[in-house]
Amino acid sequence: MGRPEQPLPYPDRPLGRLAQGLRNARVRAGLTYNQLASRAVGFSESTLKRAASGKTLPTREAVTAYAYTCDTEPGPLLDLWEEAVEERRPADPVAPRITKIRDTAALGAALHSLHVKAGNPSCREIDKRTRSSPGIIRVPRTTAHQILYRQRFPSSRTQLKALLTVLGVPATEHSSWLQAWSRANQRRRSDRHAARTRKAELQRRITRPRLHPPFDNTSSSGTAPPTAS
C-alpha cells in the first residue's frame, strides 16, 4: 500500500475529517494512490494525494471522483466538504459588490473570494479546465495563482472571462464582471499615468540648472569697500 501517510494537521476540523474520510475510503477499497489515479479519470495521483492531505481544500469534483473510485457513497464526504468550505469563508475578506468595484484591489478581493466559494480548485486544475473548455483561452497555472492571490491584474477581458467560466460564474453574470474589469483597468491606467507624470516632474527638478544670484561685494553696512587710489 506504499508509505504511510503523514498525520493530519487538524484532524478535528472539517477539512481534517474530510481528509480522514477519504483516506478511510481508499484503505477499505485496498487501492494505492497510483491505482486510484488510474481509475479516477482526469485526476492525477498528486491531486488525489493533496485531496486527502488535510492541508488544502480539494474541489467538489475531486471528492466525488475519489469516493466513486473507492466504491463509497460520496454524500457524507460532500457534506464534510461543504463544512470545510463554510469554515474557510469567515477568514476570507468580504468581497465588494461587483457593481461597486472601481480599482484593482477590489477586483482582486472579489476574484479571491470567488475562488474560495468555488471550492479552492488548484491552479493546476484551473489551467487544465481552461485548456479543455471550448470558447475560452488557456490561463496557465502560474498566471492563475498570481491573479487569484492578488499579485497580478487580469491582462484582458478575455482572460477574466476564462477564469469566470471555470470558477462556475453563469454566463449571464459575466457582463457585470467585465464592466468591473474595465473600471478597474481605467483607474489602473490613470494611476500609472499620474505616477509617470510625478516621476518626470521630479526628474526635471533634479536636472534643472540652479541659478546663483550675482556676487554682491558690498559690505554688511551697505557701503562698498574702498578702492586702491
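- Under the salt bridge (Lys or Arg N to Asp or Glu O under 4.0 Å) criterion, Glu201 pairs with Arg204, Arg205, not counting sequence neighbours.
- The hydrophobic cluster containing Leu202, built from Ile/Leu/Val/Met/Phe/Trp/Tyr side-chain heavy atoms closer than 4.5 Å, also comprises Ile206.
- For the pair Arg26 and Tyr66, the cation-pi test (distance below 6.0 Å, angle within 45°) is failed.
- Counting heavy atoms from C-beta on, the side chains of Pro170 and Thr165 never come closer than 4.5 Å.
- Within the structure, the salt bridge (charged side-chain N to carboxylate O under 4.0 Å, His left out) test picks out the following pairs touching residues 10-24 (sequence neighbours left out): Glu5-Arg23, Arg13-Glu87, Arg17-Glu83.
- Within the structure, the salt bridge (charged side-chain N to carboxylate O under 4.0 Å, His left out) test picks out the following pairs touching residues 171-187 (sequence neighbours left out): Arg187-Asp191.
- In this structure, the separation between SG on Cys70 and CG on Leu36 is 5.0 Å, given to the nearest 0.5 Å.
- No continuous path of ILVMFWY side-chain contacts below 4.5 Å connects Ile137 to Leu164, so the two sit in separate hydrophobic clusters.
- Shown here is Gln6, whose CD atom has no more than 12 heavy atoms of other residues, nucleotides or ligands within 6.0 Å.
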How far apart are the C-alpha atoms of Leu160 and Leu178, what are their side-chain angles, what is the distance that settles it, and do they pass the side chain to side chain contact (heavy atoms under 4.5 Å, CB included) test? CA-CA 7 Å; Leu160 175 61; Leu178 296 177; 4.0 Å; yes

Let's go through Leu22 and Thr72 carefully: what are the C-alpha distance in whole Å and the side-chain angles of both, what is the deciding distance for side chain to side chain contact (heavy atoms under 4.5 Å, CB included) to 0.1 Å, and is it a yes or a no? CA-CA 9 Å; Leu22 292 171; Thr72 297; over 6 Å; no

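- When side chains are defined from C-beta on, Leu77 does not count as touching Trp81, because their heavy atoms never get closer than 4.5 Å.
- Leu48 and Leu80 fall within the same hydrophobic cluster, defined by Ile, Leu, Val, Met, Phe, Trp and Tyr side-chain heavy atoms under 4.5 Å apart, directly or through other members.
- Residues Arg157 and Lys161 have side chains not in contact (no heavy-atom distance under 4.5 Å, counting atoms from C-beta outward).
- Annotation for Lys128: atom NZ counts as buried by contact number, over 12 foreign heavy atoms lying within 6.0 Å.
- Clustering ILVMFWY residues whenever any of their side-chain heavy atoms sit less than 4.5 angstrom apart, transitively, puts Val139 in the very cluster that holds Tyr149.
- Taking the charged nitrogens against the carboxylate oxygens, Arg50 and Glu45 have no contact shorter than 4.0 Å, which rules out a salt bridge.
- Gln186 and Ser182 form no side-chain donor-acceptor contact under 3.5 Å, judged by distance and modelled atom types alone.
- Here the OG atom belonging to Ser122 is positioned 7.5 Å from the NE2 atom belonging to His115, to the nearest 0.5 angstrom.
- Without hydrogens or angle criteria, His112 side chain to Arg150 main chain gives no donor-acceptor distance under 3.5 Å.
- Trp177 places a side-chain heavy atom less than 4.5 Å from the side chain of Leu114.
- With a 4.5 Å cut-off on side-chain heavy atoms, Ser190 and His193 do not count as touching.
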Going through the checks in order, is the side chain to side chain contact (heavy atoms under 4.5 Å, CB included) test met by Lys117 and Val85? CA-CA 7 Å; Lys117 291 177 181 177; Val85 170; 6.0 Å; no

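- Between the CG atom of Leu163 and the CG atom of Leu111 there is a distance of 7.0 Å, given to the nearest 0.5 Å.
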Enumerate, atom names and distances included, each donor-acceptor pair closer than 3.5 Å involving a side-chain atom of residues 101-110, sequence neighbours excluded.
unit_1: Arg102; atom_1: NH1; unit_2: Thr99; atom_2: O; d: 3.0
unit_1: Asp103; atom_1: OD1; unit_2: Ala105; atom_2: N; d: 3.4
unit_1: Asp103; atom_1: OD1; unit_2: Ala106; atom_2: N; d: 2.8

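- Residue Arg131 holds its CZ atom at 11.5 Å from CD1 of Ile136, rounded to the nearest 0.5 Å.
- No side-chain heavy atom of Ser155 sits under 4.5 Å from any side-chain heavy atom of Ile147.
- The side-chain heavy atoms of Cys123 and Thr142, taken from C-beta on, include no pair separated by under 4.5 Å.
- Residue pairs satisfying the salt bridge (charged side-chain N to carboxylate O under 4.0 Å, His left out) criterion with at least one member in residues 135-144, sequence neighbours excluded, are listed as follows: Asp127-Arg138.
- The side-chain heavy atoms of Leu167 and Leu148, taken from C-beta on, include a pair separated by under 4.5 Å.
- Rounded to the nearest 0.5 Å, atoms CG (Asn185) and CZ (Phe153) are 4.5 Å apart.
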Given Gln159 and Thr143, is the side chain to side chain contact (heavy atoms under 4.5 Å, CB included) satisfied, shown in steps? CA-CA 10 Å; Gln159 189 178 72; Thr143 302; 3.7 Å; yes

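- No continuous path of hydrophobic side-chain contacts links Leu8 to Tyr33 [ILVMFWY only; heavy atoms under 4.5 Å].
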